[in-house]
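Heads up, the thing below is written out as structure tokens.
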Protein chains: 2
Amino acid sequence: MLKADFPVENSDPRAAIADFFANLHLGEISTRTLDSLGAQGRLLHARKGEDIPLHAGHDTVAFICEGATKLIATASRQREQIVAFHFRGDLVSIPQSGEHAYSMKALRDSGAVLFAAEAFLKIARDDPGLLEAMLIRTQTALYRCRDKAVALGKKSAQERMASFLMIMAERIGTREGGGCLLDLPMSRRDIGDSLGLTIETVSRQIGELRELGLAETDGRSRIFLPDLKTLSIYTGHV
Amino acid sequence: MLKADFPVENSDPRAAIADFFANLHLGEISTRTLDSLGAQGRLLHARKGEDIPLHAGHDTVAFICEGATKLIATASRQREQIVAFHFRGDLVSIPQSGEHAYSMKALRDSGAVLFAAEAFLKIARDDPGLLEAMLIRTQTALYRCRDKAVALGKKSAQERMASFLMIMAERIGTREGGGCLLDLPMSRRDIGDSLGLTIETVSRQIGELRELGLAETDGRSRIFLPDLKTLSIYTGHV
DNA sequence: TTCGTTCTTTGACCCAGATCAATGATCGTG
DNA sequence: CACGATCATTGATCTGGGTCAAAGAACGAA
């Protein structure tokens, strides 16, 4: 099991990769491709809060095998925009150079397989299925990022909060009675840094949704959404 | 010539596609792939301000052959977030269904070849080079979108304006003396809808940059940036 | 060139959400 | 299970950029 014995810094990634593909509907994977990926990938585990070190000097491709992570773009000291959250089964690509510096941190104990993007692409070049899977995943990431841009550019604090909860409900929620139960791995600060808001505003917006009967909180991380239908009205979509 | 006789709604896209690949360093393209693309693609021209109709009911892939376009996500009536600007040589993928409705408009007289994403992918599946080109382009779009998310989430109006000008300088600017000359195809409203600001704020920020000696305007569209180095300090990056 | 329309600039004022400041809840640890 | 540290909530106040309003430029058409 991936989570068995932290901290593990390096072991054979082949099994993790096979698992990743087998469980996550990324389609068939040939033994040859698996061997190549196993040889190039670096499996590593990070405890909650720890940094997941990216390939220095190279673009990185990461498979998230287990846990939950945040991808952070640092605009300048003390201004960190969370660009995406990732969960089990997500595939992330991170540029080395560009406008901003990126880093990745574990929100829970997490496992990931990292590749230098170049090496990964070299393998994918010989396996159209892998290349296509990668393309589809990248498109999904792009579409999500565009949605985030709309939220950050055009939505009120309440709309952002409602959208965030709806997205999380879809990605990691569990149906519970008529509603949806969330166990959020990220802090209020993380939510704020993702939505372009402060922790205080996040807290106030959750408070308002609570008063509207659309969210029930339990501790720091559990949120129950009794009525997704009504909540969706508050997202500011058409 | 693409711009010869507007409005042209449909003609053989094969030549346009060949041109697109030949001029824009998308690598080699086989005759077979070109034939397939030619058979599936819809070449269309749009005058300044016109809508570029996307495939209804399908995800769309678009090659921008000529001109300049904006990709708009509509959150709700009267709230349009411009998700990206595209120029000659850009490759755009647009989802049909998702959180928001997307549309594409020409900022100048423009030519584009459109594909139903499914049909395009089917062709690309037999041409790993094309698939890889598509992947690279999609990654570029993702990286740009993340930069936009950082701007929208964490930057002040002035920083967004400076970043915008720097990005445009890189994409469509022409070096002129020690500085850079821009002929922006988009209106102040477009800039505002792209940066999450109002036209008034955009105008005021340009005014401030003018007073700082970092921008000289001439008419609505021409902006000369005499000192990119200093301007970059105002972008809010590290 | 002139006219009319549309786009841009500038000014006055306002508000959503940031900032500052406590207080209260939660949870990991010994 | 009690302590300390971190995280979340709530309240008071401030401000960057939005909104409203009115000139003033720029461009297209005739």
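The shown structure was predicted, so the numbers you read here are calculated from the model rather than taken from an experiment. We use all heavy atoms of the structure for the numbers below, so side chains are in, but hydrogens, waters and symmetry mates are not.
One atom, CD of B:Gln205, and another, P of C:dT8, lie 16 Å apart when rounded to the nearest Å. Atom CG of B:Leu195 and atom P of D:dG17 are 12 Å apart (whole Å).
The salt bridge (charged side-chain N to carboxylate O under 4.0 Å, His left out) check on A:Asp183 picks up nothing, with sequence neighbours excluded. For A:Leu209, the side chain to side chain contact (heavy atoms under 4.5 Å, CB included) criterion is met by A:Met161, A:Leu165, A:Leu212, A:Leu214, A:Ala215, A:Leu231, not counting sequence neighbours. Evaluation of the side-chain hydrogen bond (donor to acceptor under 3.5 Å, both in side chains) rule for A:Thr138 yields no partner, not counting sequence neighbours. Every residue was checked against the ring pair (Phe, Tyr, Trp, His ring centres under 6.0 Å) condition with B:Phe85, not counting sequence neighbours, and none meets it. Listed by chain and residue number, A:Ala75, A:Ser76, B:Lys154, B:Glu159 satisfy the side chain to side chain contact (heavy atoms under 4.5 Å, CB included) test with A:Arg79 (two or more places apart in sequence, or in another chain). In terms of the side chain to side chain contact (heavy atoms under 4.5 Å, CB included) criterion, residue partners of B:Thr201 (sequence neighbours excluded) are, by chain and number, B:Ala157, B:Leu197, B:Thr198, B:Gln205. By the salt bridge (charged side-chain N to carboxylate O under 4.0 Å, His left out) test, B:Arg220 is found to be paired with no residue, residues two or more places apart in sequence or in another chain being considered. Among residues two or more places apart in sequence or in another chain, the ring pair (Phe, Tyr, Trp, His ring centres under 6.0 Å) test is passed with A:His86 by none.
Residue-to-nucleotide proximity on DNA chain C shows that, of A:Leu197 and A:Arg222, the 5′-proximal contact is made by A:Leu197.
Checked by atom type, the side-chain pair A:Asp147/B:His100 shows a donor-acceptor distance below 3.5 Å.
Distances shorter than 4.0 Å separate none of the side-chain N or O atoms of B:Thr198 from OP1 or OP2 on D:dG17.
Taking five base pairs at each end of the helix from C:dT1-D:dA30 to C:dG30-D:dC1, the local helix axes there meet at an angle of 60°, rounded to 10°.
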Q) Where along nucleotides 6-12 of chain D does protein come under 4.0 Å, by heavy atom, of base (B) or sugar-phosphate alone (S), with - for untouched nucleotides? A) BSSBBBB

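Listed in residue order, the members of residues 152-164 of chain A having a heavy atom less than 4.0 Å from DNA chain C are A:Ser156, A:Ala157.
Within the 4.0 angstrom heavy-atom criterion, only backbone atoms of the sugar-phosphate kind lie near A:Gly196; the bases stay farther away.
Within the structure, the side chain to side chain donor-acceptor pair (under 3.5 Å) test picks out no pair touching residues 54-64 of chain A (sequence neighbours left out).
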